[in-house]
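A quick write-up on the structure given underneath.
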Amino acid sequence: MRLCALLTTLAGALLAVPGPVGWRLPGLTPRFERPGDVVLGGSFCILHFYNAVSLDFTTLPAGLPSSSVSSWGYRVAQSFVFAVEEINNSTHLLPNLTLGFSIRNSGDSVHGAMHETMAFLTGQEDPVPNYSCHRGPPQAAMVGDTRSALSVAMARLLGLYKFPQVSYASTLPSLSDKNQFPSFLRTRASDLTTSYAMTQLVLHLGWSWVGILAQDDDFGQQAGNLAREELSQAGVCIEFHLHIPSRQSPEKIDANVRKMEKSTATGVLVFLSNSNIQLILHRLVGNRVLGQVWVSETLVHTVIALATPGASWVLQGAFGLKLRSSHAHGLSEFFAHLHPSRTPEDMFLRRFWEATFGCRWPHSNDTEPSDMQLCSGNETLRDHEYPFQEVSRLEAAYPAVYSIAHALQDMVLCENENRECGDPVHFQPWQLLHPLRKVSFQTPDGTHIMFDANGDLVTKFDVLQGQWSPEGQFHFVHIGKMDPHPSLENRMMILLKDSIQVCLMSARRDSGLNLGVPSSVCSTSCEPGSSQIPQQGAPHCCFECQPCPEGQFADQKDMKSCLQCPEEQYSSQSKDYCLPRTETFLAFDEPLGLVLTVVSLSLASLACLVLGVFLWFQQTPVVRANNRALSYVLLVSLTLCALSTLLFLGRPSPTTCLLRQITFAVVFTVAVSCVLAKTLTVVLAFRATKPGQRVHMCLGPSASSFVVLVASLVQIILCGIWLGTSPPFPHRDTASEPGHLVLQCHEGSGIAFSCVLGYLGLLAIGTFSVAFLARGLPDTFNETKFLTFSMLLFCSVWTAFLPLYFSARGKATVAVEVFSILASTAGLLGGIFFPKCYLILLKPERNTPPSLRTGPWAQRDLGRGVPPGHPHSTISARPPSQQQDPGSQFLVPALTT
């Protein structure tokens with residue numbers, strides 16, 4: 001005892017300070033205490049000290065007068081007192097134990113919080129670390145403080161002694177680290193939880209373009225960075241992330257306000273302390289920066305900020321999260337009975353009374369101006385409620401006291417897991433830590449209290465919003481609830497009312513008044529049927545909306561890209577869904593198909609009719625003069641050409657796809673090769689100058705047949721290669737006609753198809769060239785002019801066919817090819833055989849031998865010096881007995897079979 005007294009005397013002599021310290025009131029003990037069997041400590045920010053201390057180290061530092069009284073801080077301290085008294089009056093909770101307390105003022109200063117914490121641990125006015133010489137009641141735990149920066153300093157000190165600390169307002173995530181802060185718990189959710197809740201609220205509101213205001217300290221940096229990371233991962237763009245200096249800095253604050261003034265983001269996430277939110281609001285109101293919706297993790301800051309004139313116009317529409325904490329019934333009545341005369345030991349009540357009623361308490365020895373009127377003592381706190389009391393969390397310390405009380409009862413009754421009991425009168429504070437972490441109880445109002453493994457309160461949030469009432473009063477409206485703990489789908493449960501309405505008065509927008517759910521986006525949402533196109537050099541939240549192309553759709557808002565419709569479907573006109581396609585093909589029963597069918601059958605019938613005429617009049621000079629066998633083959637091939645178009649009509653099948661192009665190529669090759677053989681025969685007949693030349697061997701029927709067979713065989717070989725490598729097959733075309741599924745035949749190998757058409761084209765061009773060169777030969781029974789004309793029609797049709805075929809789509813492709821086949825067939829049939837049918841049927845007098853005697857052809861041959869019997873002559877010599885005159889001896893056509 002003597003040693004303790006000596007150490008105390010020496011420490012007091014060394015550390016005694018004649019003047020007041022910065023977080024104390026001059027001449028007064030800066031605490032409010034009551035005795036008990038067990039003492040609880042409480043650290044609250046009740047009195048603020050703003051003026052800086054100028055230290056020259058030549059004199060002892062002078063004390064600082066307080067600048068203001070925190071009405072909210074004092075009311076929270078009274079909730080601490082109310083909870084202690086309620087527990088002491090309870091017959092169920094600690095019935096044989098009286099709780100005492102020691103409420104201390106931290107002055108919103110780290111130094112003040114550390115000093116008062118050390119003073120509480122040591123029991124000395126001027127504490128000496130690790131020395132505690134008093135033999136008072138045991139100290140159970142420390143409740144406090146408000147700001148995280150204060151709680152961190154306290155937790156590092158208290159953690160050295162494993163002394164329990166329960167904070168009612170500190171939210172810094174690092175305080176959940178039990179390695180650094182083993183004895184720290186809190187009846188609040190950490191910033192990690194609230195930041196996650198805020199980001200989920202932002203996502204639920206559909207915001208994609210927001211700003212962040214963060215305190216320039218550990219709290220602001222950690223909370224702001226957590227929110228930024230969460231939002232970025234969710235695809236939300238951050239337009240600005242501004243750090244508000246912890247100390248007053250007008251230049252930096254004005255620079256941040258100018259950035260906010262230029263911003264286009266409507267939503268602003270706020271992580272600011274009580275003092276700095278007032279500073280930034282004062283600048284915002286002065287610069288008329290309105291029209292932004294604030295989202296704060298707690299409405300305490302918002303309520304305090306409303307003391308700034310005009311702040312309600314900035315904070316209208318603001319969202320805040322209210323912790324679902326216990327409600328202390330009777331706290332308002334308890335506060336209404338407070339009076340300095342009833343609790344003279346409460347040195348904070350006088351200052352609170354003076355600040356509340358604007359008077360000066362008699363015989364006060366503080367430094368307040370003497371010209372203030374004296375308090376009469378008749379003032380009353382009844383009906384003098386705190387603004388926005390329903391959301392101000394005035395009972396913040398209430399659950400903290402109850403959690404300590406239940407831990408004490410569990411320790412006394414041995415209701416903890418390790419069954420270690422403690423003496424309620426003689427125990428060490430570390431013995432309380434384990435039961436404190438494991439408490440699970442309900443407060444008198446039914447609120448369930450328990451801590452998680454990190455010492456954070458397991459809780460839910462209410463979502464509130466600041467709105468103007470029709471009477472012009474600004475108030476907070478409950479609009480929903482949130483469960484920050486992810487569900488099985490790893491998503492937070494958010495339930496908001498449908499009638500969320502915000503009225504924004506904006507000085508930067510001409511509209512002035514906006515009603516409805518607030519929106520904070522860089523670009524207007526893309527409706528279904530369009531997709532987002534990013535703007536070059538801008539964040540991904542800034543984009544343009546572009547309608548989906550044909551065949552694609554977007555069935556949701558803000559899709560990054562359009563989706564391709566299935567092959568059997570096509571996009572609707574609005575491009576927001578897909579419709580089933582209608583199958584279509586060139587059918588026989590549709591008008592175009594019916595016309596082509598009639599034309600095809602008509603041409604085939606006409607070719608058969610011409611063949612019948614030639615067979616009936618096969619012995620006439622006209623028929624005999626035109627190589628009857630080739631004519632018959634040509635007419636049969638033209639008939640097949642006309643009929644081959646029927647393979648192009650109707651529903652495509654594997655068989656028709658294989659046959660249509662092959663049949664068309666082969667029969668047309670036979671037809672063109674017949675024309676080529678006929679043309680070569682005529683040319684060679686007129687070019688033979690002397691009897692007995694080898695060219696006469698080419699004028700026989702076998703030579704013509706050889707030309708047709710060889711030319712056709714080459715095409716047959718090409719078609720065989722085509723069928724063997726990549727044959728045609730049925731194809732469902734989805735790109736040609738919107739809304740339709742065109743059934744058609746795919747050529748298979750495009751190269752093989754081009755080779756077949758190219759060979760046919762070369763054959764036609766060769767035939768046309770030969771016929772064109774022979775157009776000047778004698779024309780009686782000479783068909784070269786008709787062959788030239790027919791091949792000219794043929795080449796013209798197929799020259800026009802190629803570009804039309806490759807540019808047509810869908811059924812038009814088939815129609816173009818069918819039309820080309822029919823047109824070229826009609827050209828060959830009409831150009832070659834109609835003049836002969838005209839002579840046979842309508843001019844029979846010109847189809848007899850006598851008509852040849854005086855024909856202009858005979859005179860022309862004689863005038864050109866063509867001798868009788870010459871191959872160039874249009875007639876051959878008859879026996880001398882039949883000769884009547886020089887012109888009548890050439891009666892039999894020379895080019896007969």
Side-chain angles (χ1 to χ4, degrees), residues 42-45 72-73 75-77 79-80 83 106 108 113 141-155 158 164-178 181 183-198 201 215 217-220 222-223 226-227 270-274 296-304 320-328 391-404 407 436-437 439-441 443 447-464 481-485:
S43 179
F44 301 92
C45 178
W72 181 83
R75 290 172 186 266
V76 173
S79 71
F80 176 90
S106 65
D108 198 23
M142 189 76 174
V143 176
D145 200 314
T146 306
R147 283 202 301 124
S148 296
L150 278 61
S151 294
V152 167
M154 294 170 58
L158 295 173
Q165 176 187 0
V166 183
S167 175
Y168 52 85
S170 299
T171 58
L172 195 68
S174 61
L175 287 169
S176 299
D177 186 358
K178 297 300 104 179
F181 310 103
S183 62
F184 179 84
L185 297 93
R186 52 187 163 192
T187 56
R188 284 293 311 273
S190 71
D191 286 331
L192 185 64
T193 302
T194 53
S195 296
Y196 178 71
M198 290 173 63
L201 179 61
Q215 184 84 6
D217 57 9
D218 290 343
F219 157 70
Q222 290 193 32
L226 284 172
V270 180
F271 304 95
L272 297 177
S273 66
N274 297 348
S296 176
E297 63 170 340
T298 174
L299 285 174
V300 175
H301 300 327
T302 306
V303 170
I304 295 176
L321 304 181
K322 179 187 177 184
L323 187 71
R324 281 195 173 184
S325 59
S326 57
H327 181 69
V391 296
S392 301
R393 295 190 69 247
L394 298 178
E395 67 281 355
Y398 184 80
V401 176
Y402 262 90
S403 62
I404 298 172
L436 183 59
R437 292 173 180 173
V439 293
S440 179
F441 63 95
T443 57
T447 303
H448 187 74
I449 302 293
M450 65 177 297
F451 299 100
D452 60 15
N454 297 322
D456 300 332
L457 184 67
V458 178
T459 185
K460 298 180 181 179
F461 294 100
D462 289 326
V463 183
L464 295 96
K481 57 184 179 180
M482 301 177 64
D483 187 353
H485 301 281

- Side-chain touch His327/Thr447, heavy atoms, less than 4.5 angstrom: no

- Query: So, do Ser403 and Val166 sit near enough that their side-chain heavy atoms are less than 4.5 Å apart?
  - Reply: yes

- Measure up the Phe441 and Tyr402 rings against each other and bin them: parallel (under 30°), tilted (30 to 60°), perpendicular (over 60°). parallel

- Using a 4.5 Å cut-off on heavy atoms from C-beta on, say whether the side chain of Gln165 contacts that of Ser151. yes

- Message: Could you tell me if the side chain of Trp72 sits less than 4.5 Å from the side chain of Thr146, heavy atoms only?
- Response: yes

- Message: How long is the straight-line distance from CZ of Phe271 back to CG of Leu226, given to the nearest 0.5 Å?
- Response: 8.0 Å

- Item | Beyond-backbone contact of Phe184 with Lys178, side-chain heavy atoms, under 4.5 angstrom | yes

- Message: Within the structure provided, determine whether Tyr168 and Ser79 are in side-chain contact (heavy-atom separation under 4.5 Å).
- Response: no

- Which residues satisfy the side-chain hydrogen bond (donor to acceptor under 3.5 Å, both in side chains) test with Asp462, sequence neighbours excluded? Arg324, His478

- Query: Between atom OG1 of Thr187 and atom CD of Glu395, what is the distance when rounded to the nearest 0.5 Å?
  - Reply: 10.5 Å

- Side-chain H-bond candidate by donor/acceptor type, Asn454 with Ser176, under 3.5 Å: no

- Item | Centroid separation Phe44 to Phe80 less than 6.0 Å | yes

